[in-house]
Amino acid sequence: MIFPFTFKGFFFFCLSFFFFLTGIFRADLAALFWGCSFLLLTLYAFSGNHIFTILIKRFLRNHPQSINFYFSESGIPEGSASSAHIKIQLPPFFMPGFSVNLSLTFHWQTRKPVLLAVRLLPGENSAEIPFTIHHRGKYTCKAVHYFIGDFFGFTKADIGIPLEECIHVFPTLLDREELFFKITGDESADIQKKRQSNDELLEVKKYYPGDDIRKLNWKIFAHTGELFVRKGEEIPPPDSKFLFILDPTLTPGILSLFDNDFLDGLVKTAGSIMSVILEKGNIIYLSLPGRNEIHTFSQQQEKHLFTLLSSIWWIPEQKKIKLPVKQKMHALVFTSPGSLSLPHVVKELKARDWNISLFFKNFIFPSYPGKKIGLKQFFFVPEKRKQDKKRPLSELLFFKQTLYSEIDRYRTAPWRINDVREI
């Protein structure tokens with residue numbers, strides 16, 4: 001950077017130069033003295049920044065392994081505190097009056113970037129940078145930046161060094177009580193206890209492919225993590241296979257202001273059910289529309305599952321989906337209302353004659369934060385504010401209409417899926 005002046009430094013330089021010229025033309029010794037002093041200070045900051053930047057660049061070029069960066073964990077749950085450990089080698093001395101700050105910025109789609117920064121000292125630096133990331137995602141950093149500046153803030157130079165780093169932020173799991181409401185969603189806590197005791201008296205058996213999915217007892221699943229159906233049907237060979245299909249197709253029925261939170265909720269709910277099934281020793285298969293691969297997970301590979309879930313983002317309409325070459329599978333499809341990829345997915349599943357459970361994600365839209373009302377706002381409400389109040393309500397109604405029309409659509413011809421529900 002040829003002119004590493006900050007706005008503050010440039011303003012101070014101009015002011016000093018003005019005093020200097022005033023002292024010369026008016027023969028004012030005080031103005032000449034102060035103008036010359038301040039001008040020399042800014043020129044030292046300017047030249048010193050260039051010299052120090054060249055020294056740092058040369059040192060980093062001669063010591064390519066001068067920085068080591070690692071996390072306390074390979075993956076962290078969203079909202080949990082974590083830390084990054086750095087070890088950096090710098091020259092044993094700095095230019096007088098100058099400092100070096102390290103900065104790394106992690107990005108994930110449209111989420112707020114995560115900034116990690118620390119001030120460095122001459123010689124060897126070892127520091128721990130605490131941070132908290134509140135949203136699921138695969139946050140990546142492409143470069144580390146050394147910012148060189150003077151103590152007065154007159155200059156600032158940036159040295160960027162390529163550095164590939166990644167933070168996987170896992171979705172948090174729903175507890176069994178919340179998962180119960182997501183699946184059933186129609187009973188209070190007192191009724192749940194009564195229902196649970198009654199369900200235990202029912203004659204049930206473990207579910208296997210080929211059983212009538214209309215007899216699945218989701219309440220028992222929410223409490224035990226195992227799929228059961230009422231007795232009365234012949235038990236096929238114990239070869240239960242679960243195929244999860246997570247459909248992150250962006251649809252017009254989702255309010256753009258909250259689409260990221262909606263997707264996080266969809267991934268969190270699907271991941272919670274997958275985790276419960278893995279916990280019972282089952283093997284699950286996971287397929288995503290548009291990806292030409294099928295993922296297989298056991299209980300020992302749960303961390304790999306959540307690494308994959310952390311990287312899922314919205315996709316456009318996909319007409320193809322990869323399915324396992326197996327028979328008698330149970331496909332659990334998690335999707336959003338109005339998904340354009342869903343008809344293609346269901347068509348492929350129906351062609352295999354597999355059992356299908358179709359889950360549409362419901363969503364509670366958060367309210368807009370209120371603003372303080374002054375005397376002017378009390379008597380006069382702008383037209384734009386009136387429209388902003390109506391907008392969330394209309395889009396909420398549109399979402400709900402889309403949700404329930406999609407449920408009816410896939411329950412009737414031509415799809416005729418028996419197990420269709422909102423979660």
Side-chain angles (χ1 to χ4, degrees), residues 75 77-78 108-109 135-138 168-174 179 182-183 218 221 227 241-251 253-254 259-279 282-298 301-324 326 329-349 352 354-363 403 406-407 410 417 419-423:
E78 57 183 347
W108 163 244
Q109 302 296 341
H135 298 287
R136 172 196 64 88
K138 182 183 178 182
H168 287 279
V169 182
F170 298 159
T172 54
L173 297 179
L174 301 172
L179 185 61
K182 291 284 185 184
I183 296 175
W218 289 105
F221 168 76
L227 290 172
K241 297 293 189 298
F242 296 96
L243 170 64
F244 282 82
I245 297 177
L246 187 52
D247 174 23
T249 305
L250 184 61
T251 69
I254 302 172
D259 56 357
N260 298 341
D261 294 332
F262 180 93
L263 180 60
D264 283 352
L266 177 64
V267 173
K268 181 183 297 185
T269 304
S272 299
I273 297 178
M274 283 188 252
S275 179
V276 171
I277 292 180
L278 288 177
E279 187 181 303
N282 295 291
I283 302 293
I284 65 171
Y285 297 82
L286 175 61
S287 182
L288 302 170
R291 297 197 185 186
N292 192 30
E293 58 182 332
I294 300 171
H295 305 274
T296 307
F297 300 100
S298 62
Q301 298 170 310
E302 187 175 23
K303 195 168 186 178
H304 298 292
L305 167 63
F306 282 92
T307 299
L308 174 62
L309 293 179
S310 68
S311 64
I312 292 177
W313 193 249
W314 292 114
I315 59 173
E317 177 185 0
Q318 302 293 323
K319 296 184 178 181
K320 293 184 179 180
I321 184 169
K322 184 76 172 178
L323 298 177
K326 293 183 177 293
M329 296 199 72
H330 187 144
L332 296 93
V333 185
F334 294 83
T335 186
S336 54
S339 168
L340 300 178
S341 302
L342 184 57
H344 308 294
V345 173
V346 175
K347 183 179 179 181
E348 293 288 336
L349 295 175
R352 300 288 185 96
W354 289 350
N355 291 335
I356 304 173
S357 293
L358 185 54
F359 299 94
F360 286 100
K361 182 69 179 72
N362 203 341
F363 187 65
L403 171 64
E406 286 286 272
I407 292 175
Y410 284 95
I417 300 176
D419 189 21
V420 182
R421 62 183 67 226
E422 61 176 288
I423 54 172

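Scope of the values below: all heavy atoms of this structure, side chains included, with no hydrogens, waters or symmetry mates.
- With sequence neighbours excluded, no residue forms a side chain to side chain donor-acceptor pair (under 3.5 Å) with S311.
- Formation of a donor-acceptor pair under 3.5 Å by the S275 side chain with backbone atoms of G271 is not found in this model.
- Every residue two or more places apart in sequence or in another chain that forms a ring-ring contact (aromatic ring centres under 6.0 Å, His included) with W313 is listed here: W108.
- Annotation: side chain of L332 is not in contact with side chain of I356 (no heavy-atom distance under 4.5 Å).
- For the pair L358 and F334, the minimum side-chain heavy-atom distance is 4.5 Å or more.
- The two residues L246 and L288 make their nearest non-hydrogen contact at O-CD2, 3.2 Å.
- Judged by distance alone, the side chain of S287 and the main-chain N or O of K322 form a donor-acceptor pair under 3.5 Å.
- Using a 4.5 Å heavy-atom threshold, the side chains of F363 and D261 count as touching.
- Between Q109 atom CD and L263 atom CG the span is 9.5 Å, to the nearest 0.5 Å.
- Applying the salt bridge (charged side-chain N to carboxylate O under 4.0 Å, His left out) rule to E406 yields the partners R409; only residues at least two apart in sequence or on another chain are considered.
- Scanning both residues, V345 and P289, for their nearest heavy atoms gives CG2-CG, 4.2 Å.
- Legend: residues meeting side chain to side chain donor-acceptor pair (under 3.5 Å) with T335, ordered by chain and number and at least two apart, are D247.
- Here NZ of K138 is found 10.0 Å from CG of L308. Values are rounded to the nearest 0.5 Å.
- L305 has its side chain within reach of M274: a pair of non-hydrogen atoms, C-beta onward, lies under 4.5 Å apart.
- Within the 4.5 Å cutoff, side-chain heavy atoms of I245 are placed close to those of L323.
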| request: Just do the side chain to side chain contact (heavy atoms under 4.5 Å, CB included) check on E422 and L403 with the steps written out, would you? | output: CA-CA 8 Å; E422 61 176 288; L403 171 64; 4.1 Å; yes
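- With sequence neighbours left out, the side chain to side chain donor-acceptor pair (under 3.5 Å) criterion links S272 to no other residue.
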| field | Residue pair H135, D264: steps toward the side chain to side chain contact (heavy atoms under 4.5 Å, CB included) verdict | value | CA-CA 8 Å; H135 298 287; D264 283 352; 4.1 Å; yes
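- At least one side-chain heavy atom of V346 sits less than 4.5 Å from a side-chain heavy atom of Y410.
- Checking side-chain atoms of S310 against main-chain N and O of F170 turns up no donor-acceptor pair under 3.5 Å.
- Side-chain contact check for K319 versus S341: every heavy-atom pair is 4.5 Å or farther apart.
- Between V169 and P77, the shortest heavy-atom distance links the atoms CG1-C, 4.1 Å.
- Atoms CG and NE2, from L349 and H330 in turn, are 10.5 Å apart once rounded to the nearest 0.5 Å.
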| message | What verdict does the side chain to side chain contact (heavy atoms under 4.5 Å, CB included) test give for K361 and F262, after you've listed the backbone C-alpha separation in whole Å, the side-chain angles of each residue and the deciding distance to 0.1 Å? | response | CA-CA 8 Å; K361 182 69 179 72; F262 180 93; 3.6 Å; yes
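- Remark: side-chain polar atoms of T251 are paired, donor with acceptor, to backbone N or O of P337 under 3.5 angstrom.
- Partners of T172 according to the side chain to side chain donor-acceptor pair (under 3.5 Å) rule, which considers only residues two or more places apart in sequence or in another chain, are E78, K268.
- Between Y285 atom OH and I294 atom CD1 the span is 9.0 Å, to the nearest 0.5 Å.
- Contact check for I283 versus F297: no side-chain heavy atoms found under the 4.5 Å cut-off.
- Here the straight-line distance linking atom CD1 of I423 with atom CD1 of I273 works out to 5.5 Å at 0.5 Å rounding.
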| request: Show the numbers, then the answer: is there a side chain to side chain contact (heavy atoms under 4.5 Å, CB included) between L243 and L286? | output: CA-CA 6 Å; L243 170 64; L286 175 61; over 6 Å; no
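- In this structure, the separation between CD1 on I417 and CG on N355 is 11.0 Å, given to the nearest 0.5 Å.
- Closest heavy-atom contact between R136 and L309: NH1-O, 2.9 Å.
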